Structures are given as structure tokens and as C-alpha cells.
Amino acid sequence: MYCVQGSRRKGFGDGDSEEKGLRIKYSEGQTLLTLFRLMLISIALLGSWGMEKVAEASFYFVNHAREIGEGLLGSIGVELESPESAEDAYTLYYAVHDDEDNATRYFYSVYYLSGEEGAWGLVSPSGEQLLENRYQSIRLLPEAFLLEENSSFSFYDLNLQPLSAESWDEAELVFREDGMIDCDLIKVGRGGLYGAVDLKGQLVIPPQYEQFDLYTYETDWHINRVKKDGKYGYIDRNGNTVVSISYDFALASTIKVYEEGEDPADPEAGSSRAVVYVLSGDRWGMMYKLSNGSTGEVTWGVEPPAAMLEAAEAVRVE
């Protein structure tokens with residue numbers, strides 16, 4: 001499993017300041033950067049030791065250090081000076097889970113965007129120009145580049161050799177709040193229809209759907225909602241049908257299920273179960289996720305929460 005973060009952030013502390021205080025020069029900044037990288041390696045080891053939650057919390061702090069640090073440094077008069085190339089920083093941060101070792105290993109590196117809007121390039125930390133200033137957008141993945149040129153998206157390996165002959169009108173990744181990619185599929189579109197590729201650009205689900213909603217790792221049911229010929233349903237990451245694409249509306253959710261004798265007022269009582277609500281005509285129904293990842297029969301006459309009813313009505317109005 002890959003989790004990836006790609007982000008662009010502006011350098012801060014540029015220009016002269018009238019306030020007196022400690023000025024950290026670029027050479028000193030390199031020392032700080034080395035210490036910073038050692039800290040990241042230490043955090044990454046937490047994942048290898050099975051302490052994934054601690055590692056994730058630490059990475060969240062690191063990735064939000066700018067917001068946290070600006071207020072702190074400003075209050076004590078510290079001013080950071082960045083090299084010109086640090087104006088646009090691109091962070092590649094991802095995790096790979098090893099099922100055999102039951103460990104998650106984290107990888108982190110920083111690159112720099114060069115060029116300007118509509119003609120971006122990419123520079124390595126050592127100053128090597130990895131990509132010319134010619135791309136409308138750049139997404140660096142663990143083992144690939146996703147590049148937009150002439151309003152077309154294509155995948156290349158890290159030596160800029162094409163990974164696929166396919167090109168796309170659209171390409172979309174899903175991110176968590178902390179910036180990490182939240183799905184190992186990338187939604188792609190061409191001619192108004194959508195499908196999905198993996199993180200190396202290899203076609204997984206051909207573009208055949210009018211709507212395609214990628215799943216997220218935060219859900220415990222990795223299925224994608226799709227719409228075809230005006231009807232909704234769900235497919236898994238390999239394109240296999242999980243919920244028949246035959247409903248007027250469909251939306252996955254979770255409900256709390258209580259055993260006999262459990263008190264619903266007790267916050268510790270009950271267990272969450274994944275469900276899909278479906279609408280056919282004027283009838284609502286619900287189906288549970290089964291242990292094998294498929295669904296059971298539809299239980300008709302079960303209405304979803306009010307927010308879902310509103311969403312379904314909005315679709316009907318369209």
C-alpha cells in the first residue's frame with residue numbers, strides 16, 4: 001500500500017526585516033536541514049517497529065511545522081532566509097506497508113519547483129534540473145511522474161520514459177487532510193468518461209463511467225461509487241461489481257449495530273458496520289457489507305439519514 005504526499009509550499013521569512021533578532025543563514029540552514037532529515041529517519045523507524053500511530057502523529061507535526069513554527073519564531077524574533085530555489089518547495093512523503101513484516105515504512109524527500117505558472121519544472125535538493133520548465137502541472141509519485149502538458153496528462157518513469165501509451169484529459173488523486181494520498185488508484189478521464197489507473201499509470205479500470213468516486217483508506221470498505229447510463233452502483237479496486245449499477249442513487253455509510261441487552265445510550269456499546277443505501281424509484285433500501293467484501297440482500301423500507309436524502313434529491317433535480 002502506498003500513501004503519498006505531494007505539496008507545494010512557499011518559503012517564508014524572505015526579505016529584510018526591521019526587527020532585530022537571530023538571522024539563520026543558508027549555510028546554517030543546511031545544518032538544520034541535516035538534523036531535520038535525521039529526525040525524519042527516526043520517525044520512520046517508529047513505523048518499522050509497529051508504532052504506526054505515533055509515526056503518523058509525528059509526521060503530521062513535521063508537515064505542519066511551518067504553521068506552528070512561524071508563530072513561535074516570530075514571537076522570539078527569529079528570521080529564516082531561504083535560497084531562491086526554495087521559493088516553491090515540493091514535498092514527496094509516502095508510506096509503504098509490508099504485510100509480511102506487518103510494518104509501515106515512511107519515506108520523505110523535498111524537491112523544488114522551478115519556472116512559472118503554466119511552465120513548471122522540478123529541481124532536486126542538490127540543484128539538478130530533473131524536469132524542464134515546460135509542464136502545466138507536475139505530480140511526483142513514488143516511482144513515477146504524472147505530468148500535464150498541452151492539457152494532457154501522461155505517466156513517465158523517473159528516467160522520463162513513458163510508462164503507458166495512454167494520455168488523459170483529466171487525472172485526479174484523493175488526499176487526506178494531512179496531505180497524504182488516500183487511495184492507490186488515480187481517477188482518469190477521457191471524452192467525458194472515467195476510469196482508474198494505478199500509481200504507475202497502468203490501466204486498472206477502463207474509462208466507461210459518467211461518474212467515478214475513488215474510495216479512501218479511511219473507510220473500511222474500499223469500493224468506488226460509479227454512475228453508468230444514469231444509474232448508480234459500486235465496484236471494487238479491480239473493477240468488479242459489488243453493488244449492481246442499477247439504482248437511482250447509492251451511497252456508502254456506516255451504522256451502529258447493538259447486540260441484545262446493549263444500551264444505545266452507552267458510548268462504548270455497539271459496533272460499526274459498513275452499509276450501502278440504495279434508491280429504486282421511491283423505495284429506499286440498505287445492504288450490509290459481508291466479511292468477504294461483498295454485500296447481502298437489500299433490506300427495503302430502510303431510509304438513510306436526512307443529509308443523504310437531500311443529496312439524492314439534489315441528484316434527481318439535476
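Predicted model only: the values in this text are computed from it and were never measured.
Counted by atom type alone, Q129 and S114 present one or more donor-acceptor pairs between their side chains at under 3.5 Å. No hydrogens or angles considered: a donor-acceptor pair under 3.5 Å links the side chains of Y215 and D184.
When side chains are defined from C-beta on, V174 counts as touching T216, because their heavy atoms get closer than 4.5 Å. Between L251 and Y234 there is a side-chain heavy-atom pair separated by less than 4.5 Å. M287 has its side chain within reach of V298: a pair of non-hydrogen atoms, C-beta onward, lies under 4.5 Å apart. Under the 4.5 Å side-chain criterion, counting only non-hydrogen atoms from C-beta, L122 is in contact with L113. Using a 4.5 Å heavy-atom cutoff, the side chains of R225 and I223 are not in contact. The side-chain heavy atoms of L131 and L147, taken from C-beta on, include a pair separated by under 4.5 Å. L193 places none of its side-chain heavy atoms less than 4.5 Å from the side chain of Y209. A heavy-atom distance below 4.5 Å is found between the side chains of L173 and L146.
W284 contributes atom CH2, which lies 9.5 Å from atom OH of Y277 (distance to the nearest 0.5 angstrom). How far CZ of F153 is from OG of S137: 4.5 Å, rounded to the nearest 0.5 Å. S272 OG to I255 CD1: the interatomic distance, rounded to the nearest 0.5 Å, is 9.0 Å. Interatomic distance, H222 NE2 to N224 CG, rounded to the nearest 0.5 Å: 10.0 Å. Once rounded to the nearest 0.5 Å, the distance linking OH of Y258 with OG of S271 reads 9.5 Å. The structure places CG of L199 at 11.5 Å from CZ of R139, a figure rounded to the nearest 0.5 Å.
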Trace of the side chain to side chain contact (heavy atoms under 4.5 Å, CB included) decision for Y156 with L158:
CA-CA 7 Å; Y156 299 86; L158 299 183; over 6 Å; no

Working for side chain to side chain contact (heavy atoms under 4.5 Å, CB included), residues V226 and Y232:
CA-CA 6 Å; V226 295; Y232 289 87; over 6 Å; no

Dump the intermediate steps for side chain to side chain contact (heavy atoms under 4.5 Å, CB included) on Y247 and L279, then the final yes or no.
CA-CA 6 Å; Y247 296 101; L279 175 65; 5.9 Å; no

Please test F249 against L309 for side chain to side chain contact (heavy atoms under 4.5 Å, CB included), starting from the C-alpha separation and ending with a verdict.
CA-CA 10 Å; F249 192 72; L309 290 172; over 6 Å; no

Working note: E149 + R134, criterion salt bridge (charged side-chain N to carboxylate O under 4.0 Å, His left out); need CA distance, chi angles, decisive distance, verdict.
CA-CA 7 Å; E149 190 173 16; R134 54 185 281 189; 2.7 Å; yes

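Considering every non-hydrogen atom in both N159 and D157, the closest pair reads N-OD1, 2.8 Å. Residue L163 comes nearest to K200 through the heavy atom pair CD1-O, 3.3 Å, listed as atom of the first residue, atom of the second, then distance. Contact record, G293 with V242: O-CG1, 3.8 Å, taken as the closest heavy-atom pair. The shortest non-hydrogen separation linking I245 to I235 is CD1-CG2, 4.3 Å. Nearest heavy-atom pair across S124 and Y111 is CA-CD2, 4.0 Å. Scanning both residues, P206 and V204, for their nearest heavy atoms gives CD-O, 4.0 Å.
With hydrogens and angles ignored, the 3.5 Å screen pairs no side-chain donor or acceptor of Q208 with any backbone N or O of G195. Under a 3.5 Å cut-off, the side chain of E172 and the backbone N or O of V188 do not form any donor-acceptor pair. Distance alone, capped at 3.5 Å, places no donor-acceptor pair between the D229 side chain and the K231 backbone. In this structure a side-chain-to-backbone donor-acceptor pair under 3.5 Å is missing from N133 to A119. Although no hydrogens or angles enter the test, the distance criterion places a donor-acceptor pair under 3.5 Å between the side chain of D236 and the main chain of N238.
Residues passing the side-chain hydrogen bond (donor to acceptor under 3.5 Å, both in side chains) test with E166, sequence neighbours excluded: R190.
Residue pairs meeting the side chain to side chain donor-acceptor pair (under 3.5 Å) criterion with at least one member in residues 286-304, sequence neighbours excluded, are N292-S294.
Among E210, E170, K187, Q211, the one residue that satisfies the side chain to side chain donor-acceptor pair (under 3.5 Å) test with Y194 is E170.
The local environment of CD in E132 is sparse, with at most 12 non-hydrogen atoms from other residues, nucleotides or ligands closer than 6.0 Å.
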